[in-house]
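Within every chain, numbering begins at 1; the chains are lettered A, B, ... in the order of the sequence lines, protein sequences first and strands thereafter.
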Amino acid sequence: MLRVWLLDASEDLSSKIPSVLIWAIKEDGSRTVLRANYYPSIYLVGEDEEKKVKDLTRIFADKVLDAELKNVKIRGKEVKAIKVRLNSTEVESLGEEISKELKLKVYNYDIRYTTKFWIENRIEPSTWYEFVEEGTDGTTRVDISTAKKLDKNKPKLKVVSFEVIYFSEKGTPRADRDPIVAIALCSNEGYKNIIVGKENEILSTFCDEIMRIDPDVIVGFKNNQTHWSYLLKRAKINSVKLKVGRNQSEPHQSVFGHFSIQGRINIDLFDLVKETPEVKLESLEEYAEFLNIKVNYNTIDEFEISERWKSKPEEVKNFCLGRAVTILEIYNSLEDYIFELSKITSLPADQVLATSAGFRVESYLMKKAEEVGELVPERKEIVHESYQGAIVKAPISGLHENVAVVDFKSMYPSLMIKHNISFDTIVKDGEQAPGLNFGFSKERGFLPMALVDLIEERDKIRKIMREVKEGSTEYKVLDSRQKAIKIITNAVYGYTGWAGARWYAREVAEATTAWGRITITSAIDKAEKLGLSVIYSDTDSLFVSYKKDKVEEFLEWIKNELSLEAKIDKIFLRIIFTEAKKKYAGLTEDGKVEFVGLEAVRGDWSTIAKEVQSKVIERILKTGSKDEGLKVLNEYIDLLRKASVDVKKLVIWKQITRPIEEYEATAPHVVVARYLIKSGWKVDPGDKVGYVVVKGSGRIYTRVKPYFEAKLEEIDWQYYIENQVIAACERILEAVGIDVKKVGKYKQSKLFT
DNA sequence: TGTAGGCACACGCCAAATCCTCT
DNA sequence: AGAGGATTTGGCGTGTGCCT
């Protein structure tokens with residue numbers, strides 16, 4: 001018996017029979033690689049099955065191991081299918097070939113061999129298993145069918161973080177031209193090093209150290225998008241082999257720009273930043289701050305890094321090493337979450353972060369499909385018709401006191417379960433979804449089943465958590481797991497309405513929102529009947545005047561009459577609404593001010609505008625006096641008139657969302673991006689461009705500059721006062737009854753001419 | 001390699017309206 | 001007074017980022 005924790009799997013290219021190499025950790029802590037034969041299965045559906053089973057084994061004798069008839073389900077419908085075990089890892093091309101030759105519809109075929117490995121064998125990555133050993137041929141062979149899951153804690157992984165500094169005379173470093181000047185390496189066993197010197201030596205030392213430390217995980221920031229391809233290119237130029245893999249191999253690009261390193265897990269924290277909406281500029285330092293991780297170095301902007309390398313290399317080295325340290329610390333705080341997400345989705349930790357929500361849900365559903373004999377439809381392009389979504393009730397604008405926020409608990413998943421909404425339960429007769437000409441049968445559907453499993457699992461974990469010491473390792477692992485489950489649960493509804501989904505079902509998404517609308521509408525009516533005035537409502541939440549007894553009665557009614565759960569999410573002592581939906585700010589019982597949707601939480605407003613708006617609102621909420629708010633605004637306007645605000649606070653950041661030539665309109669941020677590109681900087685979709693508005697006349701785009709080129713003297717203060725600071729505060733003050741245009745003397749006065 | 005729809009808001013674009021200057 | 005260019009106005013489209 002062999003007990004191992006599974007790190008990753010890759011196709012065994014050296015084997016003649018289809019096999020995988022499984023990278024694993026043994027109980028004694030040693031690292032190992034196992035070899036297992038695995039014949040992937042595809043399914044064929046159509047006429048004349050018995051005959052075609054014979055044809056199959058005849059025509060594709062060398063490519064097919066065996067074929068048998070099986071009862072399976074396609075979107076819930078029982079069908080007979082030929083299950084074919086392929087004697088090949090070329091699943092997709094072979095599947096297509098067989099399908100064409102035998103004129104049968106093919107299922108479970110357009111999935112990568114290694115992905116199928118986990119799913120078909122019902123093995124989860126990042127988990128302990130026991131296998132029966134089959135012997136050894138240099139590598140230990142195991143029989144995958146003997147896999148038995150064990151409930152054991154994750155072993156301690158060896159982790160290395162790295163950061164790279166490139167030198168470029170002008171603009172974004174280019175791998176064909178600009179050298180690497182420093183690489184910082186850091187391990188979770190206390191190793192710390194900044195490698196500098198000749199480029200070929202930097203590269204070989206980097207490889208040597210990695211091979212010596214032999215980490216299970218290599219973590220970086222933007223390593224998929226930048227570092228690995230850059231390092232590979234520079235290694236080639238220097239005739240150095242970038243040996244970092246467990247087989248002395250180089251990193252290789254796998255699908256979708258992600259890099260794989262044999263036997264190790266390559267993690268890019270940038271993937272995590274991108275899915276953290278609170279982090280607006282998506283920088284490492286901002287992310288660290290969000291996670292309450294202290295940064296112990298002075299940040300150097302990418303635009304000045306090469307400059308600084310020439311003048312003060314020690315500072316750059318310190319920066320580089322500091323970043324590596326921070327990367328490691330961030331990784332440490334998120335490690336459990338990453339591996340729990342990997343388990344739930346059956347996507348190796350290496351890939352799970354690189355994939356988006358839709359693919360995580362899909363991977364989870366594929367796992368479930370295997371359990372119940374549901375076939376996996378092929379991925380195909382479809383035309384998506386958009387459908388009606390949720391209801392947002394216009395708020396009663398103004399300053400309110402004692403407002404309770406009542407939330408339905410996971411409304412969409414609950415409705416999908418309650419009404420059995422699923423792609424395999426759609427029926428034209430019987431009870432229909434509200435306002436739609438179809439409904440759902442009573443027989444338990446696939447999606448509700450999957451959702452029930454997820455919710456039950458999460459409840460189970462949360463129950464255990466109550467008995468575990470908060471802050472303990474076990475608690476943290478459980479918490480990571482329940483968070484990972486929640487993310488998958490909440491994304492299932494959206495998945496069904498996603499055009500790229502294998503199990504795309506607009507009807508499912510449409511019916512879910514339809515029942516959602518009925519639900520919230522009836523809740524609003526009931527609340528009003530109970531004498532709770534509904535100040536605002538969005539999708540699954542209601543803001544009501546807080547009367548304890550009545551709210552409790554209301555929650556009871558939801559439970560009994562709607563068979564759904566709702567709870568008081570929070571109580572605002574004071575709350576401000578403007579006329580706009582999805583925007584408000586409130587003071588909670590613990591004295592915190594929360595901003596929702598307002599400029600203060602948007603990444604595309606200058607810091608000064610956000611700061612003034614927050615301060616104005618905070619003052620109003622805390623004092624209850626609107627005049628106090630106006631006072632704050634006036635103080636700040638004086639500061640701006642005196643030009644005594646740091647340029648950094650004036651930068652407006654906007655994302656470039658497409659290749660620059662695809663823009664139709666001349667937007668300020670696009671003009672700046674074009675200028676940057678002309679100056680040798682790379683601006684790709686997803687990059688953020690920071691600019692300031694300078695003095696001049698006419699269109700704004702004619703007088704914008706990259707933030708690092710702007711001087712304080714040229715700032716257009718008038719713009720910042722009117723279009724940023726006042727713009728952000730005006731609607732707020734108006735909502736509480738102050739007409740800034742009349743009361744404020746600043747709007748009309750030309751300050752600089 | 002994109003979970004969904006609903007929403008606000010800035011600013012450019014473009015044409016019509018209005019203003020302004022000059023004859 | 002009227003021509004004709006300059007400037008303003010207002011509706012609409014583009015673009016971004018937020019909420020649940």
Side-chain angles (χ1 to χ4, degrees), chain A residues 224 254-258 271 274-275 277-278 280 347 351 353-365 379 381 384-395 405 407-408 410-412 487-501 503-506 508-510 512-514 516-517 520 536-542 569 578-584 595-606 609 652-658 662-671 685-686 688-689 693 697-702 704 719 722-724 727-728 730-731:
Chain A
N224 284 332
S254 69
V255 274
F256 319 131
H258 172 253
D271 291 329
K274 279 187 292 185
E275 56 186 271
E278 292 89 344
K280 311 284 178 193
L347 290 163
Q351 292 165 36
L353 293 189
T355 62
S356 50
F359 291 89
R360 292 178 191 167
V361 169
E362 191 155 274
S363 188
Y364 172 77
L365 293 179
R379 190 182 303 289
E381 295 241 333
H384 173 65
E385 271 176 60
S386 139
Y387 57 91
Q388 198 182 345
I391 288 178
V392 189
K393 188 180 180 291
V405 183
D407 271 354
F408 280 89
S410 36
M411 184 195 243
Y412 286 170
I487 282 180
I488 301 297
T489 312
N490 290 342
V492 170
Y493 147 74
Y495 170 83
T496 64
W498 169 42
W503 282 287
Y504 171 77
R506 202 200 72 245
V508 167
E510 202 177 8
T512 306
T513 57
R517 292 192 296 275
I520 197 77
Y536 174 62
S537 166
D538 184 353
T539 312
D540 60 353
S541 68
L542 298 98
D569 184 47
T578 66
E579 308 263 313
K581 296 169 177 179
K582 298 188 185 282
K583 294 182 180 218
Y584 56 87
F595 300 93
V596 178
L598 293 163
E599 287 76 5
V601 294
R602 290 181 64 96
D604 57 349
W605 281 74
S606 63
I652 296 162
W653 291 92
K654 275 199 164 71
Q655 192 183 181
I656 295 298
T657 59
R658 60 191 82 168
E662 283 176 23
Y663 279 97
E664 285 179 40
T666 321
H669 70 296
V670 177
V671 171
K688 313 244 170 178
V689 169
V693 177
S697 61
R699 298 288 186 208
I700 290 163
Y701 69 76
T702 62
V704 285
Y719 172 83
E722 287 183 8
N723 298 36
Q724 289 279 316
E730 200 172 19
R731 283 179 290 266

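- Using a 4.0 Å heavy-atom cutoff across all strands shown, A/R506 reaches no nucleic acid atom at all.
- Within 4.0 Å of A/N490, counting heavy atoms only, lies no atom of the nucleic acid at all.
- Spacing between atom CD of A/E275 and atom C1' of B/dG2 amounts to 14 Å, rounded to whole angstrom units.
- Base contact: A/G494 has a heavy atom under 4.0 Å from a base atom.
- Within 4.0 Å (heavy atoms only), A/T513 reaches no atom of the nucleic acid at all.
- Between A/E385 atom CD and B/dA4 atom C1' the separation is 15 Å, expressed in whole Å.
- Within the nucleic acid shown, A/Y536 has no heavy atom closer than 4.0 Å to any nucleic acid atom.
- No more than 12 heavy atoms of other residues, nucleotides or ligands lie within 6.0 Å of CD in A/E579, so this atom counts as exposed by the packing criterion.
- Residue A/R658 places none of its side-chain N or O atoms closer than 4.0 Å to OP1 or OP2 of C/dT14.
- Within 4.0 Å of A/Y412, counting heavy atoms only, lies no atom of the nucleic acid at all.
- Within the nucleic acid shown, A/T666 comes within 4.0 Å of sugar-phosphate atoms alone, with no base atom in reach, counting heavy atoms only.
- Side-chain atoms of A/K280 do not come within 3.5 Å of backbone N or O of A/D604 as any donor-acceptor pair.
- Between A/R699 and A/Y495, the residue anchored closer to the 5' end of DNA chain B is A/Y495, taking for each the nucleotide with the nearest heavy atom.
- Within the nucleic acid shown, A/G597 comes within 4.0 Å of sugar-phosphate atoms alone, with no base atom in reach, counting heavy atoms only.
- Between the side chain of A/S363 and the backbone N or O of A/R360 there is no donor-acceptor pair closer than 3.5 Å.
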Margin query: Run A/K582 and A/D538 through salt bridge (Lys or Arg N to Asp or Glu O under 4.0 Å) and show every step you take.
Written below: CA-CA 8 Å; A/K582 298 188 185 282; A/D538 184 353; 2.8 Å; yes
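- For A/Q655, a side-chain nitrogen or oxygen approaches OP1 or OP2 of C/dG17 to under 4.0 Å.
- Per the geometry, NZ belonging to A/K280 stands 16 Å off P belonging to C/dT16, to the nearest Å.
- Residue contacts shown for A/A390 are limited to sugar-phosphate atoms, with no base heavy atom under 4.0 Å away.
- Put simply, the side chain of A/Y364 never gets that close to the backbone of A/V492: no donor and acceptor are under 3.5 Å apart.
- Taking atom CD1 of A/I520 as the reference point, atom P of C/dC19 lies 18 Å away to the nearest angstrom.
- Heavy atoms of A/F408 sit nowhere under 4.0 angstrom from any nucleic acid atom.
- Heavy atoms of A/W503 sit nowhere under 4.0 angstrom from any nucleic acid atom.
- For a distance-only test at 3.5 Å, the side chain of A/K581 fails to qualify as a donor-acceptor partner of the base of B/dC7.
- Looking only at distances, a side-chain donor or acceptor of A/R379 sits under 3.5 Å from a matching main-chain atom of A/G500.
- Contact annotation for A/T657: backbone-only contact, meaning every heavy-atom pair under 4.0 Å involves sugar-phosphate atoms and none involves a base.
- Using a 4.0 Å heavy-atom criterion, one finds that A/A501 contacts no nucleic acid atom at all.
- Residue-level contact check: A/V596 touches the backbone only, with heavy atoms under 4.0 Å from sugar-phosphate atoms and none from bases.
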